[in-house]
Structure formats: structure tokens, C-alpha cells
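Input: a single structure, listed below in C-alpha cells.
Read the numbers this way: they start at 1 and go in the same order the structure lists the ligands and their atoms.
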Amino acid sequence: MNIKVAPSLLSADFSRLASDIHQVEKAGADLLHVDIMDGHFVPNITIGPVVVKDIRRVTALPLETHLMIENPQKFIGPFIKAGSSMITVHVETVTAETFGAIRKETSASGVKLGISLNPPTPIDAITPYLEAADFVLVMSVNPGFGGQDFIPGAADKIRGLRGRFSKDIAVDGGINDRTARLVIEAGASILAAGSYIFRSDDYGKAIRSLRCATQ
Ligand code: DX5
Ligand code: ZN
């Protein structure tokens, strides 16, 4: 599968966000990963639809909006309207009913829908949602902060999932050139990476080292 790299804006400098976005865009990013945190589902707060709307104006890259929020169904409309190309909700925050409603809303707007699971959540928890999902996002850290260490169990989860899911499997948390290799070999096709890219002094080199980690 074609490997796509998604710089996570959580590690960008928000005082010069447009400039950081332009730099990763020029450096070969395939899409942008935008972390939305509500201080309830995760112990941190980030940005909302107002900022996503402005990000949409300054880049042509697809935006993957990673919703780490409770009651995501309440905010699907605003994040679609803000210009998300892909929206990820956490299995820990939905029911069959709310996920169904979210699926309808995203499909009607041509937005791709992903289902994510935290490190302690078993793959079985997402099984009921796999058929309706366009992609899966496997968390390889406990969500809330950038710069944490990759949790190795995530690679086994990806491998287990790859056996029964043929669409994109994204992975998020602690991705660097070494862990990228592990997750690509396990079957991941989208790598979200924050600190590894934004803390490097050559974004192009960092992005290429992830995309080509197995070569
Ligand atoms: C963590 C976020 C990640 C984060 C990854 O809660 O969902 O997207 O930005 O950051 P790194 O790549 O630094 O682990
Ligand atoms: Zn994320």
C-alpha cells in the first residue's frame, strides 16, 4: 500500500501556523492531522472548528480532523463545515446509534469517516464499525499530548486488523523513523507524526524517512 505521511499540527508553532503548514506542504506531506481535544475525553484542550476553518483557507492538503472529544455527534456538522476532508471519532465516545448518525452526516458531505481506538481498547471494540468506516486510526500513545513514547502493542493491533480490513489503517503517537518501520511492516498506511517532524530541522527529510522507513 502507498504510505501517506500526516504531520500532526499539535507540534507546530501555533503563533505561526500558516507558515508551518506551508513548510510541511512543500516538504511533501500527504495530508494534515488536526488534533481536537475537549479537556474531558482527554486531559488537554486544543482548538475547535473556528481554527480548522482558517487552516482550510491556507492549504490545499486534505485535513484529517481527529476528534478526541465526548459526544462527537454534536460537532460533526461544524467540523464538516470548517472544511475537514476526513473525520476520526473514537470508539470510546460513540454508540451504534450515534456512529450511524455520524456516518450519514459525513457521507452526505463526501467526508471520509475513521474510527479510532485507545491503547487499552481491544480491536474487538471496533469490529461492529469496520464495515461502515473508511479508515481506522490506531492510537499508539494515550491521547492528550505530543512527544510521548510509542506503545509497542499498537503494532500487534495493526497486524491483527490488517488481516480483516483492506482500507487505510492510520497510526498516531510516537512515530519516528524506527517505529514507522514497525507499523508499516504491520500494515499501517497512514502515519500521523507530530514531534518527529516539527522538531527536526529538515521537514522534507523527516517526512521521507517515515514514508520510506522500510527501505
Ligand atoms: C496525541 C495526538 C497526536 C499527537 C502525536 O494525543 O492525537 O496526534 O500529535 O504526537 P507525536 O507524533 O509527537 O507523538
Ligand atoms: Zn491525533
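- Listed for the Arg164 side chain is no donor-acceptor partner under 3.5 Å among the backbone atoms of Thr127.
- Side-chain contact between Ile115 and Phe99: present, with at least one pair of heavy atoms (C-beta onward) separated by less than 4.5 Å.
- Between His66 and His90, the ring planes are parallel. Angles under 30° get that label, and only those over 60° would be called perpendicular.
- For the Zn ion (ligand 2), the nearest N, O or S atom contributed by Asp35 is named OD1.
- Between Asp20 and His22, the side chains place no donor N or O within less than 3.5 Å of an acceptor N or O (distance only, hydrogens not considered).
- Ser200 and Asp202 share no side-chain donor-acceptor pair at under 3.5 Å.
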Which pairs of N or O atoms, one from ligand 1 and one from the protein, are separated by less than 3.5 Å, and what is the distance for each pair?
unit_1, atom_1, unit_2, atom_2, d
ligand 1, 6 (O), Gly144, N, 2.7
ligand 1, 7 (O), Asp35, OD1, 3.0
ligand 1, 7 (O), His66, ND1, 3.4
ligand 1, 7 (O), Asp172, OD2, 2.9
ligand 1, 8 (O), Ser8, OG, 3.3
ligand 1, 8 (O), His33, NE2, 3.2
ligand 1, 8 (O), Asp35, OD1, 3.1
ligand 1, 8 (O), Asp35, OD2, 2.8
ligand 1, 8 (O), Asp172, OD1, 2.7
ligand 1, 8 (O), Asp172, OD2, 3.0
ligand 1, 9 (O), Ser8, OG, 2.7
ligand 1, 9 (O), Asp35, OD2, 3.1
ligand 1, 12 (O), Gly194, N, 2.7
ligand 1, 13 (O), Gly147, N, 2.8
ligand 1, 13 (O), Ser195, N, 3.0
ligand 1, 13 (O), Ser195, OG, 2.5
ligand 1, 14 (O), Gly174, N, 2.8

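- The aromatic ring centroids of Phe165 and Phe135 lie 6.0 Å or more from each other.
- Annotation: angle subtended at the Zn ion (ligand 2) by Asp172 OD2 and His66 ND1 is 90°, to 10°.
- No side-chain donor from either of Arg56 and Ser84 sits under 3.5 Å from a side-chain acceptor of the other.
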